[in-house]
Amino acid sequence: MSSSENGAAVATEARAGGSTAAPSTPAWRAWLQQGLAFGTLIALLLFFWAASPRFLTWSNISGVLLATAVIGILALGTTFVITTAGIDLSIGTGMTLCSVMTGIFAVDLGLPMPLAVLLGILTGGVIGLLNGFNVAILGLPPFIATLAMMMIAQGLALVISGVSPIYFNDVPSFQSIALGTLIPGLPNAVLIMFLVAALAWFLLSKTIFGRITVAIGSNEEAARLSGIDTRRWKLIIYIVAGLFTGVAGVVMASRLGSAQPQLGVGYELQAIAAVIIGGTSLMGGRGSITGTLIGALIMSVLINGLRILSIQTEWQNVVVGIVIALAVFFDTLRNKRSA
């Protein structure tokens, strides 16, 4: 029997609504978590609508969706990593480095835009490769390995750009990647997010890749003893997550019309919070793409609503920090009840 077939046997899945769980996790728990997250999203929408009539205008909702695109794409990629019981702190600054490299390829080197975009995305894959090598091959704890990469990516973005933004004024079609409207009234960045989410859902729920991702998170040692090359698969998982980071970097640069080398810090926390709110367990073995999308929307609605209410940035950070702490707390409670 091949390692892939063994992986399928180890990761007998309980899937529902884009959620993949370990065998010991009842399917109804995944549905319940997604239902609670969706209910929270509706409650936030109603609260901010009651607080400010401007909130539910189409222009504002479109802005919320546009803001969700980057966080959502980052969160979708890191869902795979967290499902393996890992973590990736480098996605925020990694996204910035991908934006900067896209600017270097398109503006400084004058490469054709499609090639520059592809190379920008592949930069994310390289970041994921290095993270995966450090975690899977060298055996570094994911927290330490990706924290180091976070600092490296931040420094490289500043050095390569000369601490100055790279503007895409000479590549006018570049901004249409995020701000164009293939579907009237819907920015392309939002469409990209949903397409990437569909791909992520398929990978996690319908492929051997997804089953082995869950198996590693459920019990890595059991997966290894069953014949799965866990080191190789973890390396692949981090590469895939890195490619999602690359897509987010291109979308961010396109949305801003520039690569801003000083952005990125803090995005990783919002993305990780979105993943946990959506039902993916920090302990691994359970992942939900649908839940991650809902979690990303919750984070964007919360931040947008606080801004509409003219809450100071400092207090916005306090609220976001509380939300992250609560998300981790409830995830811990879920894991204790499932034990």
Side-chain angles (χ1 to χ4, degrees), residues 37-38 40-41 44-45 48 63-83 86-99 124 127 142-143 146-147 149-150 153-154 157 178 189-190 192-193 196-197 200 241-242 244-253 255-256 260 262-282 287-308 311-331:
F38 185 72
T40 301
L41 176 61
L44 284 174
L45 289 171
F48 287 122
V64 169
L65 290 173
L66 188 59
T68 305
V70 171
I71 294 298
I73 295 170
L74 286 176
L76 289 167
T78 202
T79 298
F80 294 100
V81 173
I82 294 178
T83 300
I87 198 74
D88 190 350
L89 299 177
S90 69
I91 53 177
T93 57
M95 173 194 70
T96 301
L97 180 58
C98 292
S99 295
I127 293 172
F143 183 91
T146 59
L147 177 63
M149 182 55 66
M150 179 180 77
Q154 184 181 35
V190 181
I192 292 171
M193 178 183 69
V196 169
F244 278 72
T245 299
V247 173
V250 170
V251 170
M252 173 62 89
R255 177 187 166 194
L256 299 176
Q260 300 287 338
Q262 296 180 344
L263 286 180
V265 177
Y267 279 81
E268 69 283 344
L269 297 181
Q270 293 184 42
I272 292 170
V275 175
I276 304 307
I277 290 170
T280 298
S281 174
L282 273 174
S288 172
I289 297 301
T290 303
T292 292
L293 270 183
I294 295 172
L297 285 168
I298 287 174
M299 296 302 296
S300 294
V301 166
L302 179 63
I303 292 170
N304 178 268
L306 293 173
R307 288 174 180 169
I308 282 185
I311 303 298
Q312 294 178 347
T313 303
E314 294 82 0
W315 284 107
Q316 292 178 31
N317 293 335
V318 170
V319 173
V320 170
I322 291 172
V323 169
I324 293 172
L326 288 174
V328 175
F329 172 73
F330 285 116
D331 177 64

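All figures in this text were calculated on a predicted structure; none of them were measured in a lab.
Here the side chain of Thr79 pairs no donor or acceptor atom with the backbone of Val275 at under 3.5 angstrom. Under a 3.5 Å cut-off, the side chain of Ser288 and the backbone N or O of Thr280 do not form any donor-acceptor pair. A donor-acceptor pair under 3.5 Å links the side-chain atoms of Thr146 to the main chain of Pro142, judged by distance alone. Under a 3.5 Å cut-off, the side chain of Thr292 and the backbone N or O of Leu76 do not form any donor-acceptor pair. Of the possible polar contacts, none joining the Thr93 side chain to the Val265 backbone as a donor-acceptor pair under 3.5 Å is found.
With values rounded to the nearest 0.5 angstrom, Leu302 atom CG is found 4.5 Å from Leu306 atom CG. Summarising the geometry, atom CG belonging to Leu45 is positioned 9.5 Å from atom CD1 belonging to Ile298; distances are rounded to the nearest 0.5 Å.
Checked against ring pair (Phe, Tyr, Trp, His ring centres under 6.0 Å), Tyr267 has no partners two or more places apart in sequence or in another chain. For Ala241, the side chain to side chain contact (heavy atoms under 4.5 Å, CB included) partners at least two apart in sequence or on another chain are Val81. When the side chain to side chain contact (heavy atoms under 4.5 Å, CB included) test is applied to Gln312, the partners found at least two apart in sequence or on another chain are Glu314, Trp315. Judged as a side chain to side chain donor-acceptor pair (under 3.5 Å), and not counting sequence neighbours, the contacts of Ser90 are Asp88, Asn131. With sequence neighbours excluded, the residues that form a side chain to side chain contact (heavy atoms under 4.5 Å, CB included) with Ala273 are Met299, Ile324. Under the rule for a side chain to side chain contact (heavy atoms under 4.5 Å, CB included), the partners of Leu297 that lie at least two apart in sequence or sit in another chain are Leu41, Leu65, Thr68.
Met193 has its side chain within reach of Leu293: a pair of non-hydrogen atoms, C-beta onward, lies under 4.5 Å apart. Put simply, the side chain of Gln270 reaches to within 4.5 Å of the side chain of Ile303, judged on heavy atoms. You'll find the side chain of Ile127 reaches within 4.5 Å of the side chain of Cys98, heavy atoms only.
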